[in-house]
Amino acid sequence: MSAMRDLIATLPDQLRWAAGLDVAAISTSASEALVAGMGGSGIAGAIAEAVADEAGVRVTPHRSYGLPGWAARSRPLLVAVSHSGNTEETRDAVESAAAAGLDVAAVTTGGWLADRAESAGWPLVAAPPGPQPRAAVGYLSGGVLRVLEAAGLLPDQAPALREAADVVERLLDGGSGPGPALAGDLAEALEGRVAVIYGGSGAGAVAANRWKTQINENGKAPAYWSEFPELDHNEIVGWTAFPDLSAERMGVVFLHVPGEHPRIALRARITMALIEDRAGIAGEVHAQGEHLLARLFSLIVVGDLVSVSIAQRAGVDPMPVDIIEDLKRRLAAEET
Ligand code: F6R
């Protein structure tokens, strides 16, 4: 079993850890939040956005330097999430927020961000250390959700986190559950193909994005994602070109979330029927669970397993991401 597969198996414990967190009330007048984070940490902001949307609260993921132009006027709570605590875009967003006088909170395992939060007296959720940010998605997204709850922006997140843990645990079932079996079939269908992941706007799109990035980083393969209904207004036309390439070298996976807009489910069905002769269809996955968070994680865990199975089939180690480390070193060596 690969070390990354072992880390995926810790996802239920990560979610239960977050359910058990006791984050002290955060005093803020903010009525919305901006979650600054990149890559395997940044997905926590997208997860929080989907959860908060259902609660009628605006949470915006921020995956870049500085702050969006509206932040100075709307004055969101800035939640910085970085596994290492050293990611330059996130550091820059934090310093921009501090300079603008925004309230700031942090979720990290350490590094610059933990030091900065401690010296400024900002609320800090200290996530347990681990080898890779993307394998800590339960700690990081759970930590962000509990921070938003402590700031009075979200209701109690513990029940949803516990349900997510239970759903993921059932899917994994010690490695012999339905999740690994489904993931194995999908990885086989995707072998030698560029994966294209489709989900409905909201939770389905967050999961599709996570599948893509996990196939990139763990599977070391190109992958792309897109969301309904927008893809029906442009991307669908692209499948009319390169019929041989599309049929033999592309593999589309459809992610479905119960409770999504019925027209989105219908669009997915019609889209699949329209493109199935041209694009290789690798399969479909249906989310499980009652809370949106459980549904999201039921898709995330299958995608994570697909990505390690793709790595296994290609004979690559899912764990290291040397090219990202190399890029970060080169950036650190350059002054701008
Ligand atoms: C590595 C990974 C990356 C990092 C990203 C930001 O597993 O997934 O996408 O998450 O480079 O680094 P951190 O998470 O330390 O802020």
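Both ligands and their constituent atoms are indexed starting at 1 by order of listing.
Taking the side chain to side chain donor-acceptor pair (under 3.5 Å) definition, one finds that R170 meets it with nothing, sequence neighbours left out.
The protein heavy atom nearest to atom 1 (C) of ligand 1 is Q132 OE1, 3.2 Å. The nearest protein atom to atom 12 (O) of ligand 1, hydrogens excluded, is given as T87 OG1, 3.0 Å; this is a heavy-atom distance. At the top of the distance list for atom 15 (O) of ligand 1, counting protein heavy atoms only, stands S84 OG, 2.6 Å. The nearest protein atom to atom 9 (O) of ligand 1, hydrogens excluded, is given as G40 N, 3.1 Å; this is a heavy-atom distance. Looking only at heavy atoms of the protein, atom 11 (O) of ligand 1 is closest to K328 NZ, 2.8 Å.
Where the criterion is an N or O separation shorter than 3.5 Å, residue side chain and backbone included, S41 meets it with respect to ligand 1. Considering backbone and side-chain N/O atoms, V321 never comes within less than 3.5 Å of an N/O atom of ligand 1.
Of the options M319, E217, R134, E325, the smallest heavy-atom separation from atom 3 (C) of ligand 1 is shown by E217.
In summary, the side chains of N216 and K220 do not present any donor paired with an acceptor at a separation below 3.5 Å, with no hydrogens or angles considered. S226 and E235 form a side-chain donor-acceptor contact under 3.5 Å, judged by distance and modelled atom types alone.
Between W17 and Y139, the ring planes lie perpendicular to each other; the angle is over 60°, past the 30° to 60° tilted range.
Here side-chain hydrogen bond (donor to acceptor under 3.5 Å, both in side chains) pairs that include residues 311-325, with residues two or more places apart or in two chains, are R5-Q312, E191-R313.
For the pair L113 and V94, the minimum side-chain heavy-atom distance is below 4.5 Å.
Sparse packing is recorded around CZ of F242, with 12 or fewer heavy atoms of other residues, nucleotides or ligands lying under 6.0 Å away.
Counting atoms of ligand 1 from 1 in the listed order, those under 4.0 Å from a heavy atom of M38 are 5 (C), 6 (C), 10 (O). Contact atoms of ligand 1 toward G39: 9 (O), 10 (O) (distance under 4.0 Å to a heavy atom of the residue).
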